[in-house]
Amino acid sequence: MVALHDKFGRAITDLRISITDRCNYKCVYCRTGNEGALYGDLPFEDYLRMARVLVGMGITKVRLTGGEPLLRKGVVDFVRELAQLRLYVHGSTDASVRGPADEGVRRSTNSEPLDIALTTNGHLLADVAKPLKDAGLTRVTVSMDAVDPDRFTRITRVPGGYDHVLAGIRAARRAGLWPLKVNCVLMRGFNEDQIIPFGMFAREEGVTVRFIEFMPLEEDRVWSPSTVVPLEEILARMAEYRPLVEIPHGRSETARRYRFEDGIGEIGIIAPVSHPFCGHCSRIRITSDGKIRTCLFSVWDHDLHAQMRRGASDEELAEFIRGVVAKKEERHHIGEPDFVPASRTMVHIGG
Ligand code: SAM
């Protein structure tokens with residue numbers, strides 16, 4: 001199989017699908033305090049077809065995101081359907097594993113199961129963690145930006161969420177959704193004092209806490225370089241608590257990884273602002289309304305769903321995707337004089 005590559009030679013193996021741009025939280029680094037307009041979402045069967053074509057083109061990892069993906073009814077069944085995609089093996093003569101798509105689209109030659117991950121705020125996770133795992137979900141990442149409940153409410157702007165999220169994290173662990181990652185966006189003035197408490201949390205709960213530098217993708221347009229808590233500062237603060245040892249990481253991994261010197265607990269730092277990793281980017285995204293985005297900071301998107309509506313075959317969809325991927329941006333320009341804000345904010349892209 002010829003893997004999907006962009007013109008800079010990067011292999012595209014990682015697909016993020018936003019299944020709704022609705023969200024039940026209004027996090028300060030992401031949204032305004034108001035509901036705001038929505039782009040809307042598609043029937044699951046449309047996302048499934050897109051994913052099937054893309055898995056046939058070399059995608060090995062699908063992450064469901066949003067908005068808040070667990071707001072969508074039917075997400076467990078959707079994961080179950082996605083998990084079937086691993087059965088599509090190039091050259092199989094068994095119609096039951098080939099599926100109904102056009103014969104012209106190459107099937108994945110990867111005999112490994114499709115890696116299916118979920119990014120969620122965790123508010124609704126406790127009840128569905130086990131069903132999701134049983135349906136074929138491989139991994140879950142929970143976003144949580146403070147370990148102090150009051151601070152958590154100040155950031156999410158929704159009272160009472162903290163206990164739900166903690167219950168969601170623990171339920172995911174019990175369900176075997178492991179290793180479990182907790183993502184914390186740091187925004188100066190809101191939660192940089194939570195760095196050490198999160199180090200303790202990582203050790204106590206047995207989760208990997210990953211700190212993310214704040215990016216200019218928020219609806220309120222409050223980002224400036226001074227709102228970012230950079231990697232070096234995070235490391236320095238954590239070192240005041242306990243010594244860290246860096247864990248060697250793969251070139252395509254977005255997070256730099258560290259363990260505490262005594263071997264208990266792991267943290268990560270995702271530093272797209274201070275240490276960009278665009279040169280190793282393997283991602284494309286599909287928005288909830290069926291547009292392809294080749295970069296978080298794209299200033300345009302590409303209407304895959306319009307191709308489906310006009311009756312394109314799977315081979316034609318694949319051709320469209322190849323053309324779009326060829327135009328993938330080389331890198332983002334955060335903090336540079338020529339930076340142009342993305343055409344959508346994070347909640348309408350799918351992080
Ligand atoms: N609702 C889900 C959640 O909270 O994880 C999925 C969607 S959310 C947009 C995906 C991720 O994007 C979350 O980890 C969130 O913290 C992160 N995010 C949102 N806005 C961001 C920003 N301006 N900079 C960095 N990360 C951001």
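In listed order, ligands and their atoms are each counted from 1.
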Fill in: Arg344 to Tyr39, cation-pi by 6.0 Å centre distance and 45° axis angle
yes
Item to complete: Classify the contact between Thr65 and ligand 1 as side chain, backbone, both or neither, using a heavy-atom distance cut-off of under 4.0 Å.
Response: side chain
Worksheet item: Is it true that Lys26 and Glu35 make a salt bridge, defined as a side-chain N closer than 4.0 Å to a carboxylate O?
Response: yes
Discussion item. I need the contact type for Thr120 against ligand 1. Using non-hydrogen atoms and a strict under-4.0 Å cut-off, is it side chain, backbone, both or neither?
Written reply: backbone
Discussion item. Could you identify the single nearest non-hydrogen protein atom to atom 5 (O) of ligand 1 and state the distance to 0.1 Å?
Written reply: Ser143 OG, 2.5 Å
Worksheet item: Of the protein's non-hydrogen atoms, which lies at the shortest distance from atom 8 (S) of ligand 1, and what is that distance?
Response: Gly66 O, 4.3 Å
Worksheet item: With a cut-off of 4.0 Å, which atoms of ligand 1 are near a heavy atom of Glu213?
Response: 25 (C)
Worksheet entry | Basic-acidic side-chain contact under 4.0 Å: Arg151, Asp145 | no
Response to the item:
Min over Met215, Glu68, Met144 of heavy-atom distance to atom 25 (C) of ligand 1 lands on Met215
Worksheet item: What distance do Ser298 atom OG and Lys291 atom NZ have between them, rounded to the nearest 0.5 Å?
Response: 13.0 Å
Worksheet item: Between Leu15, Leu118, Thr138, which is the residue that forms a side chain to side chain contact (heavy atoms under 4.5 Å, CB included) with Val62?
Response: Leu15
Practice prompt. Report yes or no: does Gly67 have a heavy atom closer than 4.0 Å to ligand 1?
Written response: yes
Item to complete: Determine, for Arg80 against Asp77, whether the closest basic-nitrogen to carboxylate-oxygen distance falls under 4.0 angstrom.
Response: yes
Response to the item:
for atom 10 (C) of ligand 1, nearest protein heavy atom and its distance come out as Gly351 CA, 3.8 Å
Discussion item. I need the contact type for Thr119 against ligand 1. Using non-hydrogen atoms and a strict under-4.0 Å cut-off, is it side chain, backbone, both or neither?
Written reply: both
Discussion item. Counting only heavy atoms, tell me which of Met346, Arg210, His348 gets closest to atom 12 (O) of ligand 1.
Written reply: Met346
Worksheet entry | N-O pairing of Glu233 and Arg237 below 4.0 Å | yes
Worksheet entry | Salt bridge Arg170-Glu205, side-chain N to carboxylate O under 4.0 Å | yes
Worksheet item: For atom 18 (N) of ligand 1, which candidate among Phe214, Trp223, Tyr29 provides the closest heavy atom?
Response: Tyr29
Response to the item:
Looking only at protein heavy atoms, what sits closest to atom 26 (N) of ligand 1 is Val185 CG2, 3.4 Å
